[in-house]
Amino acid sequence: MARVLLAGESWINASTDFKGYDAFPHAQLEIGATPLIEALEAEGHQVTHLPSHAVATDFPETLEKLGAYDVVILSDIGANSLLLPPQVFAQGRPFPNRLKLLAEWVRRGGGLAMAGGYLSFQGFQAKANYHDTPVEAVLPVSILPYDDRVECPEGVTGELSGEDHPVTAGLDATWPLLLGYQKLTAKPDARVLATVESRPLLAVRDEGAGRTLAFASDISPHWAPTEFVEWAGYRRLFHQAVSWLAGSAE
């Protein structure tokens with residue numbers, strides 16, 4: 001089974017309740033990664049979750065540290081969190097470029113996946129900012145230079161493309177509703193395994209000795225509603241995705 005580093009997919013929700021003359025501020029850490037973690041661990045994978053607020057300080061900064069994992073999943077975590085650790089942002093000191101590091105790690109045999117969300121690919125108001133980066137260079141998709149979200153409150157369905165591949169083996173031809181996705185373009189050497197509104201929903205690619213995967217929608221709400229997360233294919237899809245990325249599917 002694979003050793004997986006899941007970075008992102010959490011947020012801190014800060015709000016203030018006003019009750020007449022008095023205000024009550026409060027904050028809470030929200031974890032969106034739970035469904036994916038539970039699905040992968042149920043299949044025997046070893047998952048380390050690095051929540052979004054810890055990515056800047058704790059994401060591996062050497063190839064040796066990345067080597068502790070078979071698969072890295074970036075989910076709803078912007079490029080700035082990887083590029084601007086405290087040493088750079090607060091102290092003005094040099095530090096390894098972890099986007100370049102990830103690309104090199106992939107080419108040496110690592111498995112990298114990016115899942116969609118407001119801070120994935122290019123994201124909300126282009127704040128995720130992975131366009132024209134070393135991470136985009138190794139992914140199976142090209143990323144737009146502007147906000148790439150497609151909101152679908154009415155719901156849209158993913159559909160298998162007909163490609164035979166270990167990642168999608170045994171999955172339903174039509175998937176439960178999704179409420180949004182990223183508008184992506186498959187690279188010429190990518191394999192598109194599933195589509196949404198005729199655009200890539202799931203794509204894979206070999207890069208050097210490694211493998212990469214792009215899932216254009218979310219692994220949790222809001223784009224992935226309960227019906228998708230509780231679908232039997234959810235666990236199968238991501239188990240097979242991680243196994244293939246780790247090189248163990250064959």
Side-chain angles (χ1 to χ4, degrees), residues 6 9 32-33 35-36 38-40 42-43 71 73-76 111-124 128 130 136 138-144 146-207 211-246 249-250:
L6 171 58
E9 202 55 50
L36 182 61
E38 290 179 349
L40 294 179
E43 293 289 346
V71 176
I73 302 174
L74 301 177
S75 182
D76 226 344
L112 175 66
M114 182 175 287
Y118 269 42
L119 281 172
S120 294
F121 300 105
Q122 200 66 355
F124 176 71
Y130 285 101
E136 182 191 26
V138 299
L139 287 175
V141 293
S142 296
I143 301 171
L144 292 171
Y146 46 81
D147 192 321
D148 55 6
R149 295 169 303 127
V150 181
E151 296 288 352
C152 305
E154 75 282 14
V156 290
T157 54
E159 297 180 347
L160 292 184
S161 66
E163 284 258 12
D164 289 329
H165 197 276
V167 171
T168 48
L171 292 177
D172 300 334
T174 302
W175 297 359
L177 290 179
L178 295 165
L179 301 180
Y181 62 93
Q182 243 91 23
K183 189 187 298 184
L184 303 170
T185 302
K187 293 178 178 175
D189 60 344
R191 299 181 68 183
V192 177
L193 307 183
T195 61
V196 57
E197 298 189 323
S198 301
R199 297 189 177 108
L201 173 60
L202 179 67
V204 297
R205 179 173 179 255
D206 294 323
E207 174 69 25
R211 296 171 170 179
T212 61
L213 179 148
F215 179 63
S217 194
D218 214 332
I219 64 168
S220 65
H222 74 275
W223 280 353
T226 302
E227 292 83 357
F228 186 83
V229 172
E230 293 183 353
W231 169 47
Y234 177 92
R235 173 171 163 180
R236 186 182 189 112
L237 167 62
F238 290 108
H239 160 56
Q240 292 176 171
V242 161
S243 298
W244 178 80
L245 285 166
E250 287 77 19

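This chain uses plain numbering: 1 for the first residue, then up along the sequence. All values below were derived from every heavy atom in this structure, side-chain atoms included, with hydrogens, water molecules and symmetry-related copies excluded.
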Checklist entry - Within the side chain of Asp206, is there an N or O that forms a donor-acceptor pair under 3.5 Å with the backbone of Arg211? => result no
Checklist entry - Below 4.5 Å, heavy atoms only, C-beta onward: do Leu237 and Val167 meet side chain to side chain? => result yes
Item to check | Contact check, side chains of Leu201 and Trp175, non-hydrogen atoms, under 4.5 Å | outcome: yes
Next on the checklist: Using a 3.5 Å distance criterion without hydrogens, assess whether the side chain of Gln182 forms a donor-acceptor pair with backbone atoms of Gly117.
Outcome noted: yes
Checklist entry - If you look at every heavy atom in Val229 and Pro35, which pair is closest and at what distance? => result CG1-CB, 3.4 Å
Checklist entry - Quick one: does Leu177's side chain get under 4.5 Å of Thr157's, heavy atoms only? => result yes
Checklist entry - Ser220 and Glu9: side-chain donor and acceptor closer than 3.5 Å? => result yes
Item to check | Exam field: side chain Ser75 to backbone Ala115, donor-acceptor pair closer than 3.5 Å | outcome: no
Next on the checklist: Is the shortest side-chain heavy-atom distance between Gln122 and Tyr146 below 4.5 Å?
Outcome noted: no
Checklist entry - Can any side-chain N or O of Asp76 pair as donor or acceptor with the backbone N or O of Tyr118 at less than 3.5 Å? => result yes
Checklist entry - Looking only at heavy atoms, what is the nearest atom pair of Ala190 and Pro140, with distance? => result CB-O, 3.3 Å
Item to check | Polar side-chain atom of Ser217 near backbone of Gly180 as donor-acceptor pair, under 3.5 Å | outcome: yes
Next on the checklist: Counting C-beta onward and ignoring hydrogens, is there a side-chain heavy-atom pair between Phe215 and Leu202 closer than 4.5 Å?
Outcome noted: yes
Next on the checklist: Within the 4.5 Å heavy-atom criterion, are Val150 and Arg199 side-chain neighbours or not?
Outcome noted: yes
Checklist entry - Should we count CG of Asp164 as having more than 12 external heavy atoms under 6.0 Å? => result no
Checklist entry - Do Phe228 and Asp218 have side-chain heavy atoms sitting under 4.5 Å apart? => result no
Next on the checklist: Are Ile219 and Tyr234 packed together at the side-chain level, in the sense that at least one heavy-atom pair is separated by less than 4.5 angstrom?
Outcome noted: yes
Checklist entry - Are the side chain of Arg205 and the backbone of Val138 linked by a donor-acceptor contact shorter than 3.5 Å? => result yes
Checklist outcome for this item: CG (Leu6) and CG (Leu40) are apart, to the nearest 0.5 Å, by 8.0 Å
Item to check | For the student: nearest non-hydrogen atoms of Val141 and Ala203, plus distance | outcome: CG1-CB, 4.2 Å
Next on the checklist: Suppose we screen for side chain to side chain contact (heavy atoms under 4.5 Å, CB included). Which residues come up paired with Arg191, at least two apart in sequence or across chains?
Outcome noted: Glu163, His165, Leu193, Val204
Item to check | Shortest non-hydrogen contact from Pro200 toward Val192 | outcome: CA-CG1, 4.2 Å
Checklist entry - Which residues pass the salt bridge (charged side-chain N to carboxylate O under 4.0 Å, His left out) test with Glu43, sequence neighbours left out? => result Arg235
Item to check | Gap separating the CG atom of Leu179 from the CD atom of Glu154, nearest 0.5 angstrom | outcome: 8.5 Å
Next on the checklist: I need the Gln240 CD to Leu171 CG distance, nearest 0.5 Å.
Outcome noted: 5.5 Å
Next on the checklist: I'd like to know whether NZ of Lys187 has more than 12 heavy-atom contacts from other residues, nucleotides or ligands below 6.0 angstrom.
Outcome noted: yes
Next on the checklist: So does Pro176 get a backbone contact from the side chain of Glu227, meaning a donor-acceptor N/O pair under 3.5 Å?
Outcome noted: no
Checklist entry - Rounded to the nearest 0.5 Å, how far does OG of Ser120 lie from OH of Tyr130? => result 7.0 Å
Next on the checklist: So if I apply the side-chain contact (heavy atoms from CB on, under 4.5 Å) rule between Arg149 and each of Phe121, Trp223, Tyr181, which one comes out positive?
Outcome noted: Trp223
Checklist entry - Which value, rounded to the nearest 0.5 Å, describes the distance between Glu197 atom CD and Lys183 atom NZ? => result 10.0 Å
Checklist entry - Got a second to check how far Leu160's CG is from Thr174's OG1, nearest 0.5 Å? => result 7.5 Å
Item to check | Residue pair Trp231 / Asp172: nearest heavy atoms and the distance that separates them | outcome: NE1-OD2, 2.9 Å
